[in-house]
Undergrad: 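Once you've had a glance at the structure underneath, I'll fire off some questions.
Below, each value reflects all heavy atoms present in this structure, side chains not excepted, and no hydrogens, waters or symmetry copies. For clarity, every value in this text was computed on a predicted model and none was experimentally measured.
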Amino acid sequence: MRKIHVIGIGAGDPEQLTLQAVRALRSTDVFFILDKGEVKADLTRLRRDMLDTHLPQGTYRVVEARDPERDRAADGAAYSPAVGDWRSARADIYERLIAEDLGEEETGAFLVWGDPSLYDSTLGILEEVLGRGAVAFEYDVVPGISSVSALVARHRTGLNRIARPVQITTGRRLAEGFPEGVDDVVVMLDAQQTFRQYAQEDADIYWGAYIGTPDEILVSGPIAEAAPRIERLRAEARERKGWIMDTYLLRRHPRD
């Protein structure tokens, strides 16, 4: 039976690899990496650097495939179908890689940024591949340090306050309104910089981009003051690197 490790590799800092993750790396014969193109080539390079650091040369293989493009213009009712089509296209690639490049008694691995359980499609895609029935395998999951954990650690704050809830959501959902009954909200996947919508709120923001990498940028403070600076730094970073991945915590002050 083929076996697959889904390994959380942290938010970008190679030192965030857990001992469990290193053990999983060392038991892997084939690493599958999806290439996102030249603009994001440094993401592939970071993965390869981790392998070079922890594994002797010649003890493993790396198989790369091009990541399918997603329709990022899809919005409203078209959004979910567009994501579904993209995930199915990825499932086609995963299925082919496992069937053609992983021996019956070998172990393969997918290296997942952050933690595989949080806003990542790998587990769902593997389940889709298994459901098709064309290729059989077992898989396990190695948790990783998420960008959320890394963000609050770098800002030296907690996710929640005493006896208060915290919610993790996306920019798309935050645009619909602040979650009811929640004053601490972590926002991921926010290409539209939805925090600007709340610039007049009595709230603080803890923002970070490229967390854990040499390109890391951190900003915190009252959102009215920090939002313009974040917008400027974000635009400069995206222009410089061609892409950006950021996360932030919005924390509203208690109302009297």
Undergrad: What heavy-atom pair brings L46 and G12 nearest, and what distance separates the two atoms?
TA: CD2-O, 4.4 Å
Undergrad: Specify the closest pair of heavy atoms between A65 and I93, including all atoms of both residues, with the distance to one decimal.
TA: CB-CG2, 3.8 Å
Undergrad: Is there a side-chain contact between M245 and W113, using heavy atoms and a 4.5 Å cut-off?
TA: no
Undergrad: Heavy atoms, side chains only, cut-off 4.5 Å: are L102 and L97 in contact?
TA: no
Undergrad: So, are R164 and D184 salt-bridged, with charged N and O less than 4.0 Å apart?
TA: no
Undergrad: Does any part of the side chain of I98, heavy atoms only, come nearer than 4.5 Å to the side chain of L126, both counted from C-beta?
TA: yes
Undergrad: Using the salt bridge (Lys or Arg N to Asp or Glu O under 4.0 Å) criterion, which residues pair with R61? Sequence neighbours excluded.
TA: E106
Undergrad: Excluding sequence neighbours, so at least two apart, what forms ring pair (Phe, Tyr, Trp, His ring centres under 6.0 Å) with Y139?
TA: none
Undergrad: Would you list the pairs meeting salt bridge (charged side-chain N to carboxylate O under 4.0 Å, His left out) in which at least one residue belongs to residues 144-155, sequence neighbours left out?
TA: R154-E216
Undergrad: Under the salt bridge (charged side-chain N to carboxylate O under 4.0 Å, His left out) definition, can you give me all pairs with a residue in residues 125-136, not counting sequence neighbours?
TA: D92-R132, E95-R132, E128-R132
Undergrad: How would you list, by chain and number, every residue that makes a ring pair (Phe, Tyr, Trp, His ring centres under 6.0 Å) with F31, sequence neighbours excluded?
TA: Y60
Undergrad: Could I get the full list of side-chain hydrogen bond (donor to acceptor under 3.5 Å, both in side chains) partners for D85, not counting sequence neighbours?
TA: none
Undergrad: Can you confirm whether S27 sits close enough to K3 that some side-chain heavy atom of one is under 4.5 Å from a side-chain heavy atom of the other?
TA: no
Undergrad: Hey, does the side chain of H5 reach the backbone of D140 with a donor-acceptor pair shorter than 3.5 angstrom?
TA: no
Undergrad: Does some side-chain heavy atom of T53 sit less than 4.5 Å from a side-chain heavy atom of P14?
TA: no
Undergrad: Is the shortest heavy-atom distance from the side chain of Y248 to the side chain of I230 under 4.5 Å?
TA: no
Undergrad: Nearest heavy-atom pair of I244 and A237: which atoms, and what distance?
TA: CD1-CB, 4.2 Å
Undergrad: Which Ile, Leu, Val, Met, Phe, Trp or Tyr residues join L189 in one cluster when any pair of side-chain heavy atoms under 4.5 Å counts as a link?
TA: L118, Y119, V148, L151, V152, L159, V166, I168, V186, M188, Y206, I211, L249
Undergrad: Do R90 and D67 come close enough that some side-chain heavy atom pair is under 4.5 Å?
TA: yes
Undergrad: Kindly determine whether R240 and D215 satisfy salt bridge (charged side-chain N to carboxylate O under 4.0 Å, His left out), including the steps that lead there.
TA: CA-CA 11 Å; R240 182 174 65 254; D215 297 305; 5.2 Å; no
Undergrad: Tell me, with the steps shown, if D42 and K241 meet side chain to side chain contact (heavy atoms under 4.5 Å, CB included).
TA: CA-CA 9 Å; D42 47 351; K241 290 184 65 68; 2.7 Å; yes
Undergrad: Just to verify, what does N160 make a side-chain hydrogen bond (donor to acceptor under 3.5 Å, both in side chains) with, not counting sequence neighbours?
TA: none
Undergrad: Which residues satisfy the ring pair (Phe, Tyr, Trp, His ring centres under 6.0 Å) test with F110, sequence neighbours excluded?
TA: F32, Y94
Undergrad: Show, in sequence, the C-alpha distance, side-chain angles and deciding distance for R2 and I4, and conclude whether the side chain to side chain contact (heavy atoms under 4.5 Å, CB included) test is met.
TA: CA-CA 7 Å; R2 297 176 174 93; I4 301 290; 5.8 Å; no
Undergrad: Would you tabulate the side-chain donor-acceptor contacts of residues 172-179 under 3.5 Å, counting partners in other chains and residues two or more places apart, or write 'none'?
TA:
residue	atom	partner	partner atom	Å
R172	NH1	D75	OD1	2.8
R173	NH1	E176	OE2	3.4

Undergrad: Within the structure provided, determine whether V187 and T194 are in side-chain contact (heavy-atom separation under 4.5 Å).
TA: no
Undergrad: Among pairs that include at least one residue of residues 220-234, which meet salt bridge (charged side-chain N to carboxylate O under 4.0 Å, His left out), considering only residues two or more places apart or in two chains?
TA: R196-E231, R232-E236, R234-D246
Undergrad: Nearest 0.5 Å, what's the CZ-CD1 distance between R47 and I7?
TA: 11.0 Å
Undergrad: So which pairs with a foot in residues 10-26 pass salt bridge (charged side-chain N to carboxylate O under 4.0 Å, His left out), sequence neighbours left out?
TA: none
Undergrad: Measuring from atom CD of Q16 to atom CD1 of I145, what distance do you get when rounded to the nearest 0.5 angstrom?
TA: 4.5 Å
Undergrad: Taking atom CE of M50 as the centre, does the number of heavy atoms from other residues, nucleotides or ligands within less than 6.0 Å exceed 12?
TA: yes
